[in-house]
**Student:** 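One structure is given below, represented as structure tokens, and several questions about it will come after.
Each chain gets a letter, A, B and so on, in the order the sequences are listed, and its residues count up from 1.
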Amino acid sequence: MQSIQAIRGMNDILPDQIGWWQRVEQTARELLSSFGYREIRTPVIEKLDLFARSIGESTDIVEKEMYAFPDRKGEMLALRPEATASIVRAFIQHNLQADPLAKKLYAIGPMFRHERPQKGRYRQFYQIDAEAFGIDDPMLDAEVMHMLRLFLERLGLTGVVLHINSLGCQECRQDYRDLLKEFLEKNVAELCPDCQRRRHTNPLRTFDCKVERCQAILADAPVLLHSICGACADHFESVKSYLDQLKTAYVINPRMVRGLDYYMRTTFEVITDRLGAQNAVGGGGRYNGLLRDLGGPDLPGIGFAIGMERLILLLQQEQSEAQRCPKIFVASLGASARDTCFLLAQQLRSLGLETEIDYEGASLKSQMRRADRLGVRHVLIMGDEEISRGEVQCRDMMNKTQTVLPLEAVAPRLQEIYKEEITENGSR
RNA sequence: GUGGGUGUAGCUCAAGCGGUUAGAGCACUGGGUUGUGGCCCCAGAGGCUGCCGGUUCAAGUCCGGUCACUCACCCCA
């Protein structure tokens, strides 16, 4: 095969699939808007430095997963591996703290990571991303998670669990890191090679290890959540209390670690057991130092991302989606009727009725068959006889009934029939 | 980046130890006597068997490489 293929890990989303995407996006937009979030769109390419500084130099994302390349002037650029950094950059660059409406932002779009693809993981993948700046109150932490839960609920997704944790602040984390390193040092001989490496690079990561032996050892390890400072503990308590009041269920997972360096205090993940190895459908957390670190005002921030492919994969496992199809087919017999039919179809479309038509002068039988396969509700038939009398045959494909209507009455009549549906189903 | 599995029609899959023209179902197109869909019947179209090389009289089949897909590791959405 010499035809050109899409590049590895990057997928076409075909018309048959697009309904899922539109439904997810629409649901997200409506819900986020109701919580006061406004959409922002930022470039998919940024200076490499932005991601290195925000996500962390030694994270996997920055070290080995970025699409990074020099532009024509030799400046290092990168396709964005996540959205937060770009949104924060835009917030700072345009001084959006001066805009009272811009405290809460959301974005929907593709991210890029150069990993080996597998189920639920692709090199170009889409995220719905929400960020809120300038608010440190635990009320917001709880609200963000509550919103995430509502979103999944509104889509009808079941079988997911919200995990929450607190990573504490800079100070408690540093203290804890030393504590944990010490612990790992004592047990180094027992650990798997990966964990022996992690011990230096990112000791917190050892909690993610899937080797049973490591897990057994770590069962006795000091727990970050238990050694955070008073202020952080209070914050976390408050977050839990608000979640309870919102009746949003959660599991406290003291071992949950997230892969981006900028997180502090509240972190959370929505987990599923139905996606093979990819168990995170969405996740996020608080990042109070990030704006300052990127040269902006010292404002707190919190946000999360939802993986759209994973979400849709899960939805498809438990739901089926009705195919969207045109409502009306205009069938013609003979050359003179074709022109009239062509114009009639345009008229119907201008009224917002989805209309299909034969362009090739096929036989009536074949037009009928096609109309049936398209799943239309009504077929309008016009031949020379109808033309001369100024009439149209209107066939209801479901009831197999056929009525004769004056040509000029057809469009208003069909509009009448479909009007109820249009108002019933909202935008559809 | 590392490992396993798989590559035959648009889709799901067949082709005993290598053997002559690579098949089927679904989908697609046309037809089954005047201008009417689904079911049924008939016909048609659709393939350089992922690609390159090797072994052989002969390769979809065996070998090597490569690419792609897939699952898993690492890690994440």
**Student:** Got a sec, which pairs hit side-chain hydrogen bond (donor to acceptor under 3.5 Å, both in side chains) with one end in residues 329-342 of chain A, sequence neighbours left out?
**Tutor:**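 Residue pairs passing side-chain hydrogen bond (donor to acceptor under 3.5 Å, both in side chains), neighbours aside: A/Ser336-A/Asp384.
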**Student:** List in chain and number order the residues that pass ring-ring contact (aromatic ring centres under 6.0 Å, His included) with A/Tyr67, two or more places apart in sequence or in another chain; answer none if no residue qualifies.
**Tutor:**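 In terms of ring-ring contact (aromatic ring centres under 6.0 Å, His included), with neighbours along the sequence ignored, A/Tyr67 is linked to A/His114.
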**Student:** Using 4.0 Å as the upper bound for N to carboxylate O, is an ion pair formed by A/Arg53 and A/Asp293?
**Tutor:**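 No.
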**Student:** What is the distance from CD of A/Glu115 to P of B/rC73, rounded to the nearest Å?
**Tutor:**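 Distance, rounded to whole Å: 12 Å.
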**Student:** If you only use heavy atoms from C-beta on, which nucleotide in B/rU36, B/rC76, B/rG38 is closest to the side chain of A/Ile381?
**Tutor:**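 Among B/rU36, B/rC76, B/rG38, the one nearest the side chain of A/Ile381 is B/rU36.
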**Student:** The side chain of A/Arg8 lies closest to which of these nucleotides: B/rC69, B/rU36, B/rG1?
**Tutor:**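 Comparing B/rC69, B/rU36, B/rG1 against the side chain of A/Arg8, the answer is B/rC69.
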**Student:** Classify every nucleotide of nucleotides 2-9 of chain B by which part a protein heavy atom approaches to under 4.0 Å, writing B for the base, S for the sugar-phosphate alone and - for neither, in 5'-to-3' order.
**Tutor:** BB------
**Student:** Classify the nucleic acid contact of A/Ser366 as base, sugar-phosphate or nothing, counting any heavy atom under 4.0 Å across all strands shown.
**Tutor:**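 A/Ser366: backbone/sugar contact only, no base atoms under 4.0 Å.
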**Student:** How does RNA chain B look in dot-bracket notation if pairs are Watson-Crick or G-U with both distances under 3.5 Å, crossing ones as [ ], other-strand ones as |?
**Tutor:** (((((((..((((.....[...)))).(((((.......))))).....(((((..]....))))))))))))....
**Student:** For A/His235, which residues count as a ring-ring contact (aromatic ring centres under 6.0 Å, His included) partner, sequence neighbours excluded?
**Tutor:**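 A/His235: no ring-ring contact (aromatic ring centres under 6.0 Å, His included) contacts found.
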**Student:** Strictly below 4.0 Å, heavy-atom distances to any atom of RNA chain B: list the hits from residues 152-160 of chain A, or just say none.
**Tutor:**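 The stretch gives none, as no residue of it lies under 4.0 Å from the strand.
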**Student:** Is the phosphate of B/rG35 approached by A/Ser363 (side-chain N or O, under 4.0 Å from OP1 or OP2)?
**Tutor:**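 No, outside the criterion.
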**Student:** Please report, rounded to the nearest Å, how far the C1' atom of B/rC76 is from the CE atom of A/Met256.
**Tutor:**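 For the pair A/Met256 CE and B/rC76 C1', the rounded distance is 13 Å.
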**Student:** Which part of the nucleic acid, if any, lies within reach of A/Ala371 when heavy atoms closer than 4.0 Å are counted: base, sugar-phosphate only, or nothing?
**Tutor:**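 Since no nucleic acid heavy atom lies under 4.0 Å of A/Ala371, the category is nothing.
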